[in-house]
Amino acid sequence: MRYEVDLSEASKFARTPAYGIPVIRAAAACGPDGGTLGATNRFLTRDGSPWIPIAGEMHYSRIAAERWDTELAKMAAAGIDVVSTYVFWNHHEEREGEWDFSGNRNVRRFVELCARHGLHVIVRLGPFCHGEVRNGGLPDWLYGKSYEVRSLDAGFLDAVRGLYAHIAQQLRGLYFKDGGPIIAAQVDNEYMASSAPWEMTTGISREWVPSGHDGAGYLERLRDIAIEEGIDPPMFTCTGWQSPVPDDMLPLWGGYAYRPWLFYDGVGAEGMTEHPATDEYRYRRLHGSSTSDGFDPPYDPDSRPYACCEMGGGMFNSYDYRFVLPKRSVDAMANIKLGSGCDFLGYYMFHGGTNPKGAAGFLNEGQTPKRSYDFQAPLGEFGQVRESYRRLRTLHEFVKAFGPELAGMPVSLQDGQDRIDPSDSETLRYAVRSDGERGFVSIDNFQDHARVPSRHGEQIDVTTGTGERIRFTGIGLAEGENCILPFNMDLDGVRLVRANLQPVTVLRVPGRPFRTFVFLKPDGMDELTFHFEGDIQDVTVGKADFERFMVRDAAEIVCVTRALAGRMTVLDGGLAFVDDDNALLYEDGDGWTLESPRAENGIAAYPEGLLGSPRPVEPVSVYARLRRLHADRYEIALPAGMGRLFRDQRQVADVMLNIAYQGDIGWLFCGDVLIADNFCNGETWQVGLRDYADAIDAAGGKLTLVVTPLRRGVRVKVTSSMAARLEQSDACVADVTDVYTTPVYHMPVGK
């Protein structure tokens, strides 16, 4: 099928200069080294140049402090350059007046480690955060006070002042103006848009925390209190969706296609039992003077950038909605947002975690597991590297290399693109961002909760502002794939008219007079078209995983398949490829490290010799013996000396316990302590044992696994004349089919 789009309006928009907006606090936006942060109505700037930040959510208090350094290094290796994190009030002041900033609650150390890895930070201050934490992060003791929370009541604001004062004390000297990593702070979250159950009262009463009713004035007062107490970032942010937006804050948006809250009471709205296909995977105009219907922010959408903090990097399983997140949904979402005009990517979550235990129990929301907040994120609860992580690395390299060019480019859509029905499996979904003459075509072939078949032989005609027609032919994408294709790209003096390949990065290899342009070959596409001195020449790329060729001695082209790109790391002056899909190469401040479940690994580099080999490690074998105790209860026996294993063999970073089971909920106990839990969704449940190694030793190497049965035909018999109630069911399913361990090795890489 043939599609076409005209870029004449984009040409007009591109000639309109961007202008500064009052989002940046000038006095806080200049670092001691002369570096600056700024903002226009189209994009943020860093040192005066356009900047598309890439943010990933990671909650320090949900991850063992001993893991922070490594996990932040892995965040940076994914291309994340901003870490956003909630400061959960009830994680720090669970009991009134008793503050805790120790261990995994040490927000100062966490922010300092972010700086060590070159990561900026957005602190999400609350007081209300949500994040599926108990009471949305509000301490229980607030409930019995005489004031209303999330309001301009003087009593509540005084309590918030105490929170902000303690946060400010922890973060002193860590702001951008001090040479620190903190570039923004968010006040409250989803104000007047969302709330959470009061977990200390909810049940029959279904009582919820107030969502708020004081408008932008509430957010402005919180910002003023934060500043008065010494919280001094370059900018303040707020929720964009359904919330008030003060004039001098940057609204942050998001998008979730997998929505467990639809089934909070077991059945969705209007009796829905199946999750509907959503409109999150259609392109729209989300910035400029002519945004798409349905996008109606409480401010002029041309007055500030479209920025995201909560694109679905994953999603939690709730008790009433279990599913396996398609990992390709994550980079497809990023593609959609970029193609729709987003110039600030932000994922929630990028790294999963584990809810800590508080004095009164576990600090989670009742519809979620007691402990697990894995979120099916690109980096799992214990740092597991997933397909979404590997796919995002490639996209993030594109943003870093071409973001300054892409930033601020308007969106051009063929009529009807922003109104495509989510169930439409026929119409090609695409958008163009350009300056009217050159730019990028974004194409998506993923849809949540519906199947979109593979495509072959599609054609897109792009007419530039000067009337040139560029024809993309032979477009074909596999099911669930997405891509970004360039047109009129300058390859150091050679014009790439169009490419059915996605640009990834540009390398400067030492000693070479030309640069290397790296492209990803989407499955089913293989052509580039060059303009040479008046002649048009097509080049067809082969099917090998790795190919390279020169273009008129002006530039080198390197092409990799999607599979190889998932194992690729971009180095300073070259590329490295690990030989295992489950391995990850990252820089940790002391050099390069390879993380892998295998004790022996290889690394190929281009050019050769750029990187050495990983040092082999002595493989370890950790048995896990399963013994059934009762119908729903098992013993897992592990070898003695787990704690010593991690202390003596530093290259053994973790041992994953894998549990394949059927049932309703899995509970893993060490002694009388619940260390992990899982709502069964059919996937193998993984638990990292490193955090609990000493406790496992103290328990004699024994863990207790309880599987709550999945019951069918459940009813409660209450016909007795006495106060007797007895649960009965037609069938129960509770079975463990396999338990085994997988080591995680960390191997230094020499040159």
Would you check if there is a donor-acceptor pair between the side chains of Thr593 and Asp588 at a distance under 3.5 Å?
yes
Determine whether the aromatic ring centres of His91 and Tyr86 lie less than 6.0 Å apart.
no
Under the salt bridge (charged side-chain N to carboxylate O under 4.0 Å, His left out) rule, what do Asp448 and Arg328 come out as? Steps first, then yes or no, please.
CA-CA 10 Å; Asp448 65 275; Arg328 294 185 178 192; over 6 Å; no
Using the side-chain hydrogen bond (donor to acceptor under 3.5 Å, both in side chains) rule, take Asn90 and Glu93 through it: C-alpha gap first, then chi angles, then the decisive distance, then the call.
CA-CA 5 Å; Asn90 58 357; Glu93 193 191 12; over 6 Å; no
Does the ring of Tyr623 carry Arg625 above it, NZ/CZ under 6.0 angstrom from centre and within 45° of its axis?
yes
When you look at Arg134 and Glu365, which way does the salt bridge (charged side-chain N to carboxylate O under 4.0 Å, His left out) test go after all the steps?
CA-CA 5 Å; Arg134 183 178 175 89; Glu365 187 175 281; over 6 Å; no
Can you see which heavy atom on Leu262 is nearest to which on Pro276, and at what distance?
CD1-CD, 4.1 Å
Can Asp694 and Arg644 be counted as an ion pair, charged N to O under 4.0 angstrom?
no
Just one of Arg371, Glu381, Arg62 clears the side chain to side chain donor-acceptor pair (under 3.5 Å) bar with Thr354, so which one?
Glu381
Determine, using ring centers only, whether Phe323 and His275 are less than 6.0 Å apart.
no
For Asp672, is the CG atom crowded, meaning more than 12 foreign heavy atoms sit under 6.0 Å from it?
no
Could you tell me if the side chain of Thr742 sits less than 4.5 Å from the side chain of Asn658, heavy atoms only?
yes
Side chains of Asn678 and Tyr661: do they bring a donor and an acceptor to under 3.5 Å?
yes
Heavy-atom pair with the smallest gap, counting every atom of Val87 and Cys129:
O-SG, 3.7 Å
Any chance you could measure Arg567, atom CZ, to Asp580, atom CG, to the nearest 0.5 Å?
8.5 Å
Not counting sequence neighbours, which residues clear side-chain hydrogen bond (donor to acceptor under 3.5 Å, both in side chains) with Tyr745? List them please.
none
Counting neighbours of NZ on Lys357 that are heavy atoms of other residues, nucleotides or ligands and sit closer than 6.0 Å, is the number greater than 12?
yes
Below 30° counts as parallel, above 60° as perpendicular, anything between as tilted: where do the rings of Tyr389 and Phe350 land?
tilted
Applying salt bridge (charged side-chain N to carboxylate O under 4.0 Å, His left out) to Arg67 and Asp691, what does each step give before you reach the verdict?
CA-CA 9 Å; Arg67 292 183 181 265; Asp691 297 347; 2.9 Å; yes
Indicate whether the side chain of His351 and that of Glu71 have a donor and an acceptor atom separated by less than 3.5 Å.
yes
Between the side chains of Glu199 and Tyr143, is a donor N or O closer than 3.5 angstrom to an acceptor N or O?
no
Where do Arg690 and Asp654 land on the salt bridge (charged side-chain N to carboxylate O under 4.0 Å, His left out) test, with the steps shown first?
CA-CA 5 Å; Arg690 182 186 187 96; Asp654 209 340; over 6 Å; no
Rounded to the nearest 0.5 Å, what separation is found between the OG1 atom of Thr85 and the CD atom of Gln186?
11.5 Å
Side-chain donor-acceptor contact under 3.5 Å, Tyr586 with Glu595:
no
Pair Trp208 and Tyr264, ring centroids less than 6.0 Å apart
yes
Has Arg322 got its NZ or CZ under 6.0 Å from the middle of the six-membered ring of Tyr319, at an angle within 45 degrees of the ring axis?
yes
Would you check if there is a donor-acceptor pair between the side chains of Ser84 and Glu57 at a distance under 3.5 Å?
yes
Looking at Glu600, I want to see if its CD is surrounded by more than 12 non-hydrogen atoms of other residues, nucleotides or ligands under 6.0 Å.
no
Nearest heavy atoms of Ser318 and Pro260, plus distance in Å
OG-CB, 3.4 Å
Donor + acceptor pair across side chains of Asp677, Ser372 (<3.5 Å)
no
Would you find a donor on one side and an acceptor on the other, under 3.5 Å apart, between the side chain of Thr741 and the backbone of Val622?
yes
Are Tyr347 and His396, when compared by the centres of their aromatic rings, separated by less than 6.0 Å?
yes
Looking at every heavy atom in both Ser596 and Ala583, which two are closest together, and how far apart are they?
CB-CB, 4.0 Å
For Arg451, is the CZ atom crowded, meaning more than 12 foreign heavy atoms sit under 6.0 Å from it?
no
Residues Asn135 and Leu138: closest non-hydrogen pair is ND2-O, 3.0 Å
State the CD-OG distance between Glu190 and Ser195, to the nearest 0.5 angstrom.
9.5 Å
When the ring centroid of Tyr348 is compared with that of Phe375, is the distance short of 6.0 Å?
yes
Once side-chain hydrogen bond (donor to acceptor under 3.5 Å, both in side chains) is applied, do any residues pair with Asp523, and if so which ones, sequence neighbours excluded?
none
CZ of Phe88 to CG of Leu363, rounded to nearest 0.5 Å, is 10.0 Å
For the pair Glu280 and Tyr256, evaluate side-chain hydrogen bond (donor to acceptor under 3.5 Å, both in side chains) and give the outcome as yes or no after the intermediate values.
CA-CA 7 Å; Glu280 294 294 345; Tyr256 296 109; over 6 Å; no
Sidechain N-carboxylate O distance under 4.0 Å for Arg393, Asp331:
no
On a heavy-atom basis, which atom in Leu668 and which in Leu674 lie closest, and how many Å separate them?
O-CD1, 3.5 Å
Roughly how far, to the nearest 0.5 Å, is the OG atom of Ser388 from the CG atom of Leu325?
7.5 Å
Can you check side-chain hydrogen bond (donor to acceptor under 3.5 Å, both in side chains) on His449 and Gln447, steps first, answer last?
CA-CA 7 Å; His449 301 95; Gln447 171 63 50; over 6 Å; no
Whether Lys337 side chain and Asn335 backbone form a donor-acceptor pair below 3.5 Å:
no
